[in-house]
2 protein chains.
Amino acid sequence: MNQPESRQACGPTASEQDQRSRERLLRAAVDVFDRKGYAAASVREIVERAGITKPVLYYHFGSKEGILVAILEEAARQFQKAVTRAAQRPGSARERLAALCEEIYSLFKQNVPVVRVAHAVYFGPREGLPPFDFNVFDRTLADALHRIVEEGMATGELRRAPIDDVSTLINGVIEVCTDQELNPHVTPIGLDGLHRVLNLIFEGLVATHEGKEN
Amino acid sequence: MNQPESRQACGPTASEQDQRSRERLLRAAVDVFDRKGYAAASVREIVERAGITKPVLYYHFGSKEGILVAILEEAARQFQKAVTRAAQRPGSARERLAALCEEIYSLFKQNVPVVRVAHAVYFGPREGLPPFDFNVFDRTLADALHRIVEEGMATGELRRAPIDDVSTLINGVIEVCTDQELNPHVTPIGLDGLHRVLNLIFEGLVATHEGKEN
DNA sequence: GTCTATACAATGATAGAC
DNA sequence: GTCTATCATTGTATAGAC
């Protein structure tokens, strides 16, 4: 995999060819898993779409499950990177929460097929699960949310309330907006809509706030 | 199916036996679809679990897909019934929205396996879909939400805002709470949590409301 | 590292008796 | 309406040559 490359430029190396096949397989697998579902996807269709043959897939990933795990691991890396990046931004709690939601929404919007595959596996059957820790997504997001909300309450910017409830609520906003991107029959609310909904929960839905102290 | 029953009570009728097999098959199918996923579920396992044989399944439902559609249709009926019942309740917009959320949450909580199956198919692969209108769920809920929110704004109880944004928000609260029931790794927020989160969005997250007029 | 050819298990569905 | 027995197809995975 990592052998030194002391050679002239005269066509693809063996390991370059290697990487190219790997990437083609990953792209093809995401596409087929997305359209057919993991269980109904056939190795035959994946390799045909990648323009190579079956043994190449088994050489690189060992099994059909192996290529799914590789996809999920890459998705988890991207997700953690995005959340970490957003969580480190400066500003008020409200700004930082909005930035976090925006970051995740954009990431999902740019990778809809992968997100659909991950979503399907996450909520999918409990028997026959691939060896992958699905809760990295939850934990990563929950930690970031918890930290920001806690600070927002400490500075008095946010109302006192159970932190986990607030996290759940923000989680719901992200979820409902991203889920709209996954469903082909629904017209997504978009980034603007996401911000409008966030404003709603910060300002509150009721018109008169006579009893808001606590 | 509906032949008259002019006979003494001396053991199960043919049509009674019929219904019994049908129900056993439906229960077994929900269980196996839930655990293995629709595509990975085998007819063999379903009929074994139901304690009957393959031809009985094909006699009643025609195909593996047919039994899935039957499950979804029954789920849609239950859902519409629950939403209609909740939407007709009296009270303030806030009370009615809470009642609607509670009704749906309770229905889902009492039928987790079926909901998981429906959820998986709803977000599942677009190719190989069963002949079923998945948007009955969306439309039923969206209509009910729209009506209540509209009335709440007309009476001045709720702040003026895009109705669809408010609907999306309530939708997100329902979604995030019910999704927690579907994921075995997460401890659900429960009915109390649902109400706390709803209170949060009605009252708003920010501590000081200096610019809350529109 | 990639190919051709194939092993072998499991699947959805049906024919025909009762 | 329910059974036994069976079919044709498709699936994942691999052996062995290059």
Side-chain angles (χ1 to χ4, degrees), chain A residues 1-5 7 10-26 28-29 32-33 35-71 125 127-131, chain B residues 1-5 7 10-26 28-29 32-33 35-71 125 127-131:
Chain A
M1 187 88 86
N2 284 330
Q3 68 262 39
E5 304 231 359
R7 59 189 294 285
C10 55
T13 327
S15 86
E16 279 169 1
Q17 187 72 346
D18 202 40
Q19 282 300 338
R20 218 171 295 174
S21 297
R22 231 189 107 92
E23 300 251 327
R24 291 169 68 88
L25 276 168
L26 283 172
V32 180
F33 287 162
R35 292 196 339 266
K36 299 280 179 71
Y38 171 72
S42 74
V43 172
R44 186 186 61 75
E45 187 173 354
I46 294 173
V47 297
E48 268 179 10
R49 198 169 188 83
I52 43 104
T53 57
K54 269 192 260 189
V56 181
L57 185 148
Y58 286 95
Y59 172 80
H60 282 285
F61 300 100
S63 67
K64 179 182 162 185
E65 192 185 69
I67 200 167
L68 173 63
V69 171
I71 291 169
E127 294 185 18
L129 280 180
Chain B
M1 186 89 82
N2 285 329
Q3 68 263 36
E5 305 231 358
R7 61 191 293 285
C10 57
T13 326
S15 85
E16 279 169 1
Q17 186 72 347
D18 203 40
Q19 282 300 337
R20 218 171 295 175
S21 297
R22 230 188 109 92
E23 300 250 327
R24 291 169 67 87
L25 276 168
L26 283 172
V32 180
F33 288 163
R35 293 196 338 265
K36 298 281 180 70
Y38 171 72
S42 74
V43 173
R44 187 186 59 75
E45 188 173 354
I46 294 173
V47 297
E48 268 180 10
R49 198 169 191 83
I52 43 103
T53 57
K54 267 193 264 190
V56 182
L57 185 148
Y58 287 94
Y59 171 80
H60 282 286
F61 300 100
S63 66
K64 178 182 164 185
E65 192 185 68
I67 199 167
L68 173 63
V69 171
I71 291 169
E127 294 185 18
L129 280 181

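Here is how names work: the chains are called A, B, and so on, in the same order as the sequence lines, proteins then strands, and each is numbered from 1. Reckoned from all heavy atoms, side chains included, excluding hydrogens, waters and symmetry mates.
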Straight-line distance of B/F33 CZ to B/L26 CG, nearest 0.5 Å: 9.5 Å
Separation of D/dT2 P from B/Y59 OH (nearest whole Å): 8 Å
Separation of D/dC3 P from B/E48 CD (nearest whole Å): 13 Å
B/K36 NZ to C/dT11 C1', straight-line distance once rounded to whole Å: 13 Å
Pairwise distance CZ(A/R35) to CZ(A/R49) - rounded to 0.5 angstrom: 5.0 Å
Audit row: B/T53, B/V47, side chain to side chain contact (heavy atoms under 4.5 Å, CB included) steps and yes/no: CA-CA 5 Å; B/T53 57; B/V47 297; 5.7 Å; no
Phosphate OP1/OP2 of D/dC3: any B/T53 side-chain N/O under 4.0 Å: yes
Side chain of B/V56 (C-beta onward), nearest among D/dC3, C/dC3, D/dG1: D/dC3
Check the interface with nucleotides 11-14 of chain D: list each N/O to N/O pair with the protein under 3.5 Å, or write none.
residue	atom	partner	partner atom	Å
D/dT12	OP1	A/A41	O	3.0
D/dT12	OP1	A/V43	N	3.4
D/dT12	OP1	A/K64	NZ	3.2
D/dT12	OP2	A/V43	N	2.9
D/dA13	OP2	A/Y58	OH	3.0
D/dA13	OP2	A/K64	N	3.1
D/dA13	N6	A/K54	NZ	2.8

Pairs flagged by salt bridge (charged side-chain N to carboxylate O under 4.0 Å, His left out) wherever residues 51-71 of chain A is involved - sequence neighbours left out: none
pair B/F61-B/V69: side-chain heavy atoms closer than 4.5 Å: no
Side-chain N,O (B/S21) to OP1/OP2 (D/dG1) below 4.0 Å: no
Nearest-0.5 Å distance that lies between atom CG in B/L57 and atom CD1 in B/I46: 6.5 Å
Distance, rounded to the nearest Å, where B/Q19 contributes CD and D/dT2 contributes C1': 16 Å
d(CZ, B/F61; P, D/dT2) in whole Å: 11 Å
Separation of atom CZ in A/R20 from atom P in C/dT2, rounded to whole Å: 10 Å
